[in-house]
Structures are given as C-alpha cells and as structure tokens.
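A, B, ... follow the sequence lines: proteins, then strands. Residue 1 opens every chain.
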Amino acid sequence: MPRRGLAVPRSVCYKRGLDSPACLGFSRASGGCMSSNGLELLDRTVGCGEVSEADAEAGREVVLTGWVHRRRDLGQLIFIEVRDRTGSVQVVFDPSENAEAHKDAEQLRAEYVVGIRGVVRPREQPNPEHPTGMVEVRGHQVALHNRATHVPIQVDDETEASEEIRLKYRYVDLRRPKVQQPLFLRHRLGRAARGVLDGQGFVEVETPMLTRSTPEGARDYLVPSRVHPGKFYALPQSPQLFKQLLMVSGFEKYFQFVRCFRDEDLRADRQPEFTQIDIEMSFATPEKIYGLLEEMVATMFAEIGVKIERPFRRMPYDEAMRRFGIDRPDLRFGMEIQDPGDSVEGTGFRVFDGAIDAGGMVRGIVAPGAASSSSRKVLDGWQEQAKRAGAGGLVWIKLEEGKISSPALKALGEERCKAIAEALGATTGDVALLVADSREICERVLGTLRLSIASELDLIPADRWELCWVEDFPLLEWDEDAGRFVAKHHPFTAPRWDELDKLAEDPGSVRAQAYDLVLNGTEIAGGSIRIHRKDVQDRVFRALGIDEEEAEDKFGFLLGALAAGAPPHGGIAVGFDRTCALLSGCESIRDVIAFPKTTSASCLMTESPSAVDEAQLKELHLKVLDPGPSDKDKEGDR
RNA sequence: GGAGCCGUGGUGCAGUUGGUUAGCACACCGGACUGUCACUCCGGAGGUCGCGGGUUCGAGUCCCGUCGGCUCCGCCA
C-alpha cells in the first residue's frame with residue numbers, strides 16, 4: 001500500500017509513462033511519441049540560479065536540468081520554476097509561442113525531473129525579490145526525465161518538517177537549498193584547509209579503519225573477526241598512534257581528513273562517527289603547530305568572508321578556569337568571575353565564613369542590567385542551576401536605585417552587601433551572584449551560570465569570532481570512580497620536560513604540553529607534543545597505573561617504535577564537523593553531515609543498526625544474549 | 001543511566017472541564033483561468049489522534065507502561 005492515498009488518475013498516468021517504450025519522455029494521450037526522448041536535454045548549459053541578465057539581453061538559448069520547484073498554471077500561460085543546486089529560475093510556456101512545449105508543460109508537477117530548452121528573455125514583470133527575477137526562460141522543449149509520485153515533505157525553505165521526518169526522508173530534505181548550503185560550505189572549508197596543508201608540505205596518508213581496541217578513552221565500536229574466532233577489531237577513536245608511527249617512519253608532515261568513531265551518548269555537537277582534520281609533524285613545537293593552525297583557520301574563515309586577526313590570543317588553563325570557570329572560555333563577552341577580596345572576610349555570615357574556613361573561597365559574577373528583569377522566579381531559576389552544577393546555594397545581591405535586596409541582607413547588612421557587590425564590579429541596575437565553596441565548585445558553578453545568564457540576557461554578540469589557544473593543561477586528572485589518575489588529553493601526551501621529575505611523587509601537578517583551540521566557547525581543535533622517548537612513555541604509563549606487562553601487551557608496537565629512533569613530534573586534530581557548524585551558523589553538527597544519526601545513534605533513513613541473519617552471526621562466531629525489542633515489536637511506533 | 005519538552009490526514013499545527021460527525025493551513029487530485037511569482041477561484045479525496053494497558057456510560061484529552069525525536073546532566077583519553 002502506498003504511504004498516502006494516491007489519486008487514481010495520477011498513478012494511471014504514471015504507469016502509462018513507464019509503459020511507453022521511451023519512458024524518459026512524454027507519452028501523449030493520442031498515443032503519439034513525445035517531442036523528445038529526453039536524452040538530448042541531459043546537457044545543461046547553465047545552472048538555474050546562474051541565468052543572467054546578460055543571457056537575456058543576448059537572447060541566449062539555454063538548456064536547464066533540474067526539478068520542478070513550483071508550478072503556476074494560468075490555463076494558457078504556465079510558469080514553472082526549475083531548481084537545481086545553483087538556485088532556481090522561472091520558465092514560461094506560452095501556447096502561442098510553442099504549443100507542443102506548452103502541452104508537455106501541462107503535465108509537470110512539483111519535484112518532477114526535467115530538462116528544458118528555451119531562450120532567455122527579460123521579464124515583462126520582473127520580480128526583484130528573486131535572485132533570477134529579472135529574467136525568464138521561454139520554454140521551447142521539455143523532456144520529462146522522471147515523475148515524483150511520493151514526495152513526503154515539501155521542498156521549501158519556508159516550511160520545516162520535524163527533524164524526525166527530515167532525517168527519515170533525508171534524500172528529499174537535502175534538496176532544500178537551506179539544507180544544501182552548509183554542505184557546500186563544508187566542501188569549501190575542507191578544500192581551503194587542504195590547500196594550506198598541501199602548501200606547507202603536508203602529505204595526506206590514510207590509516208586503518210579496522211584496528212585494535214586500546215584502553216583509555218571512549219567506548220569502542222567493535223567489528224567481529226570471521227577469520228579469528230572471538231577476536232575483534234575496533235574502529236579508530238582517532239588515528240593517534242598511526243600518525244605517531246608515521247613520524248617514526250620519517251614522513252615529517254602528515255595530515256588526514258579522517259572519520260573517527262566513539263560509542264558514547266550523543267549531543268547536538270557529537271555524532272558516533274565524525275570527521276577530524278588530523279595533523280602531525282616531526283620536530284614540532286607548539287609554536288609551529290600554532291602557526292600552521294592559525295593560517296589554516298584564517299584561510300577557512302576567508303571562505304565566509306571574515307578576516308581573522310593573528311596571532312590568536314593565548315591563555316593558560318589555570319587562567320581560563322580562574323576567570324571563566326571552564327577550559328574553553330567564550331571570550332565574546334565579559335561577565336568574568338571576580339574575587340570579592342576582603343569584602344567577604346570576617347562578615348560573620350556562615351555561608352561565607354564556612355567556605356573560607358574550609359579552605360575554600362567566595363567568588364562571584366555580575367549579571368549586568370539584570371536587576372529590573374530578574375524576578376523572584378528568575379533568581380530561583382539561577383539558584384536551581386547553581387545547585388545542579390554542585391553549589392550548596394547561590395547568594396544574590398540586587399542593586400536597584402536606592403534599594404538593595406538580597407537573601408543575605410539580614411546577615412550582612414545593607415552596607416556590606418553593597419560593598420561586596422561593588423567589589424565584584426556591580427553598579428546600580430546589576431545583580432551580583434556569589435558562590436562560596438571549594439575552588440573547583442566556585443569555578444564550575446559560576447562558569448555555568450555565566451554562560452546561561454549571558455545567553456538569557458542576550459549578551460553574546462552573534463557576529464563576533466573569538467579564537468583562543470588554551471595551553472598548559474594538567475597532564476593527568478584524578479578519576480574518582482577508577483581510583484587512579486587518567487590522562488586528560490591522551491596517554492601519549494608529553495609532560496612539560498621541566499616537570500618530568502614531579503611525575504612520580506605529585507602526578508596531579510604535572511602540566512602537559514597540550515593545547516586546545518577554542519572558538520566562541522567551543523573546542524574546535526586539540527593537540528599536544530607527544531612523548532618520543534620510551535623511558536618517558538614508561539613513566540607516564542606507570543603514573544596511569546598501566547604496568548609493564550599491560551603496556552607491552554597493548555602498546556608494544558608503540559614502545560617498539562619509540563625505541564627505533566623516534567623523532568620529537570607533535571600535532572593536533574581539528575573537529576571538522578564542529579568547525580563547519582560554527583562557520584555556517586548551524587546549531588547542530590547534524591546540519592553539516594549529509595546523513596547524520598539521531599541521539600540514539602540510529603539512522604532513520606536506512607534504519608540502521610539492524611538485526612542480522614543467524615547465519616551471519618554464526619559465521620562471525622557470535623551469539624546474541626539479550627535481544628532488544630525486535631524491529632517487528634517497534635512497528636507501531638512511527 | 002537520569003531529567004525536561006514533544007508525538008493528531010502526506011507536512012506543519014489547533015483541539016476548551018473527558019461528551020455529537022476530530023478542525024485549520026500547506027501539499028495532493030479534478031475543474032476554471034494569458035503575466036504569475038507562496039498565482040487565484042470552485043470542487044474532492046485523505047485520520048485506527050505513536051503503540052499497549054487502565055479509569056469511565058464515554059478518552060485525542062486523565063493515569064500507568066512502552067517506542068521514537070530533540071535538548072541537557074552523567075559519559076565523550
């Protein structure tokens with residue numbers, strides 16, 4: 001059964017067309033042959049969106065190929081807008097000019113695939129709203145390449161179907177210019193980046209998609225081996241080790257546009273498979289990497305007509321945390337975390353004193369101009385957010401003309417409240433927000449509030465681009481669940497050479513030679529100088545709780561390579577999807593991926609993942625222990 | 001794993017306190033129309049209200065469960 005009720009005449013019409021020996025063209029009710037078999041109209045001479053006024057003045061004959069975007073049938077005159085990826089243009093069929101073409105055009109409907117020959121003319125009634133609205137094509141010949149009997153969603157930039165429907169019928173959704181544009185930009189950004197890398201002598205080398213699972217990091221996607229019963233390949237989370245090995249092999253400068261796979265829960269900016277521009281160079285220093293990336297990023301920005309100032313700003317990790325409460329600060333606006341200094345000391349206010357006595361601190365931010373708009377409900381909302389982020393509470397001080405309000409007014413008194421708010425930089429009309437807790441919690445909570453309040457108050461300028469290197473990350477961080485240190489970047493990141501000796505006694509204090517590139521609060525690239533000496537790698541593995549045996553078992557090839565004359569090296573990887581999303585103004589990376597997956601990592605179009613035959617499983621030596629709901633059980637859902 | 005929002009003709013939405021035949025727009029089909037441009041006008045077809053269960057004389061509406069989509073937390077070296 002068809003998905004929607006098809007009116008009989010149309011499906012009859014469709015069948016008739018296919019029955020015709022030359023189904024590429026029209027079948028006439030008379031039974032006569034079509035004016036064209038269509039093949040001669042496969043050769044487009046100009047894109048629909050590229051038909052120009054010069055063409056009109058010259059009265060140029062053109063051939064268009066594309067889809068019927070809109071039909072305006074006035075009975076005698078028929079207007080057809082033809083669309084291809086370059087845009088659309090109006091074709092007019094006038095029976096007094098070409099009766100045969102007009103008769104053919106009567107049968108055209110939305111999304112039919114056509115070739116049209118005609119002559120470009122200036123319009124009698126131009127439409128300045130439309131890019132090609134000054135001209136039209138007088139239609140002289142039509143070839144119908146295909147009809148469209150099931151078009152589940154309208155191909156229209158104005159009306160948007162739900163994302164669920166759009167993903168299911170992605171091949172139709174992708175016809176919409178608005179949906180195509182980000183993918184075209186993605187192509188141009190990729191080309192720009194490649195051009196810079198190629199120009200600097202980088203060589204693109206492919207690395208395996210079927211590789212081995214390694215500990216640390218994200219959950220792997222596994223591929224069962226048919227030949228080796230019970231063994232599995234893993235899809236790469238990144239080509240990290242391979243690119244290091246290429247350095248050992250003397251490739252000097254490597255890059256790759258590479259798909260990476262991580263089996264973790266999805267977000268607007270996370271897909272299970274995503275693309276990195278992976279880069280590695282021998283004898284690298286952070287300076288060399290920064291220089292390369294800055295040229296690359298500036299070249300990519302040039303594609304959207306934005307000039308980027310170089311060199312980019314740099315900020316140590318500690319400073320980013322102190323001022324912005326996050327390791328990827330959004331520098332498009334202020335509202336930095338402030339230290340109220342001695343204004344909060346010795347107040348007798350339990351919240352403040354308690355935190356300070358416990359070795360913690362009091363920190364705050366100012367929501368500028370928020371006094372009048374911050375109702376009790378708004379303030380409660382902020383408080384709620386602060387608690388969710390880990391704070392015990394949130395102290396607010398509202399400075400209004402001649403009036404100060406705060407839940408701490410009683411405990412602190414009006415003068416104190418005013419002094420504290422002013423110590424944070426607040427003036428009349430502002431709201432000061434304070435958190436008293438450990439350093440980590442103060443930073444995390446205020447960092448979270450800073451972003452959400454700025455967005456709420458519309459304080460983030462949409463047209464600014466703020467790039468920043470964040471450097472001097474800690475090498476390791478304590479993992480409460482695992483009860484051990486884990487690598488903040490990855491286990492092959494070099495410690496600062498001058499802090500190597502602290503690795504054994506105080507691993508948490510060692511800083512890494514790692515760096516992230518942050519654009520408007522999003523991490524778009526991250527990298528490091530790698531460990532190129534086996535003895536250092538051994539020491540880092542030990543700090544991570546990986547003993548010699550496990551290291552040999554899982555990373556033997558790397559250790560072998562480091563012992564075989566590995567040059568100092570380092571690199572970086574750019575999150576290409578995220579970068580494309582930011583530069584094209586898309587909110588989700590799904591919009592810069594042709595066939596993305598949903599938040600449950602399935603593809604609504606192909607209905608993957610799917611069950612497979614018993615025989616296939618057997619061949620792979622697999623048995624499914626816990627079959628989820630079968631596809632049949634899910635039938636009713638959509 | 002957790003929280004929130006959402007699911008009604010092909011598509012986007014409305015649907016009151018639970019009450020008659022589930023309504024609107026666009027799309028679709030037929031007809032009319034020689035300058036439209038989101039053409040217009042007339043007519044028509046199209047729905048087990050995601051799925052399952054419950055409460056009720058009666059459920060699109062209330063309750064429970066479940067599936068799916070999106071956002072966020074956990075997770076993502």
N/O to N/O distances under 3.5 Å, protein versus nucleotides 69-71 of chain B:
from: B:G69; atom 1: OP1; to: A:T598; atom 2: OG1; distance (Å): 2.7
from: B:G69; atom 1: OP1; to: A:S600; atom 2: OG; distance (Å): 3.0
from: B:G69; atom 1: OP1; to: A:S602; atom 2: OG; distance (Å): 3.2
from: B:G69; atom 1: OP2; to: A:S600; atom 2: OG; distance (Å): 2.9
from: B:G69; atom 1: O4'; to: A:E164; atom 2: OE1; distance (Å): 3.3
from: B:C70; atom 1: OP1; to: A:T599; atom 2: N; distance (Å): 3.3
from: B:C70; atom 1: OP2; to: A:T599; atom 2: N; distance (Å): 2.6
from: B:C70; atom 1: OP2; to: A:T599; atom 2: OG1; distance (Å): 2.3
from: B:C70; atom 1: O3'; to: A:R590; atom 2: NH2; distance (Å): 2.9
from: B:U71; atom 1: OP1; to: A:R590; atom 2: NH1; distance (Å): 3.3
from: B:U71; atom 1: OP1; to: A:R590; atom 2: NH2; distance (Å): 2.8
from: B:U71; atom 1: OP2; to: A:R590; atom 2: NH1; distance (Å): 3.3

Ignoring hydrogens and angles, answer whether the base of [N] and the side-chain atoms of [X] contain a donor-acceptor pair closer than 3.5 Å.
X      : N     : result
A:R71  : B:C39 : no
A:E160 : B:U11 : no
A:R138 : B:G35 : yes
A:D265 : B:G74 : yes

Go through the side-chain N and O atoms of [X] and [Y] and say whether any donor and acceptor fall under 3.5 Å apart.
X      : Y      : answer
A:Q276 : A:S238 : no
A:S588 : A:D591 : no
A:Y254 : A:D278 : yes
A:H140 : A:E97  : yes

### Message
Distance check, P atoms only: B:A3 and B:G12, in whole angstrom units.
### Response
27 Å
For B:C26 versus B:C37, give the span between their P atoms, rounded off to a whole number of Å.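 Taking atom P in both B:C26 and B:C37, they lie 14 Å apart.
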Under a 3.5 Å limit on both distances, the Watson-Crick or wobble mate of B:G35 is none
d(NE2, A:H69; C1', B:A38) in whole Å:
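Rounded to the whole Å, the gap is 10 Å.
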When rounded to whole Å, the CZ to P distance for the pair A:R166 and B:G12 reads 11 Å
Walking RNA chain B from its 5' end, the first of A:I153 and A:K488 to be reached, judged by nearest nucleotide, is A:I153
Can you work out whether A:P152 or A:N127 has the more 5'-proximal nearest nucleotide on RNA chain B?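 Final value for this comparison: A:P152.
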From B:C28, B:C26, B:G35, nucleotide with atom closest to A:Q154 side chain =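 The answer is B:C26, which lies nearest to the side chain.
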Taking B:C28, B:G74, B:G12 as options, the one with an atom nearest any side-chain atom of A:S162 is B:G12
N/O (side chain, A:R72) to phosphate O (OP1/OP2, B:U36) under 4.0 Å:
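Checking B:U36 against A:R72, no side-chain N or O comes under 4.0 Å of OP1 or OP2.
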Exam field: side chain A:E264 to backbone A:R219, donor-acceptor pair closer than 3.5 Å:
yes
Using the rule given for side-chain contact (heavy atoms from CB on, under 4.5 Å), can you reason through A:K554 versus A:T214, listing the C-alpha separation, both sets of side-chain angles and the distance that settles it, and then say yes or no? CA-CA 7 Å; A:K554 291 180 171 140; A:T214 53; 5.9 Å; no
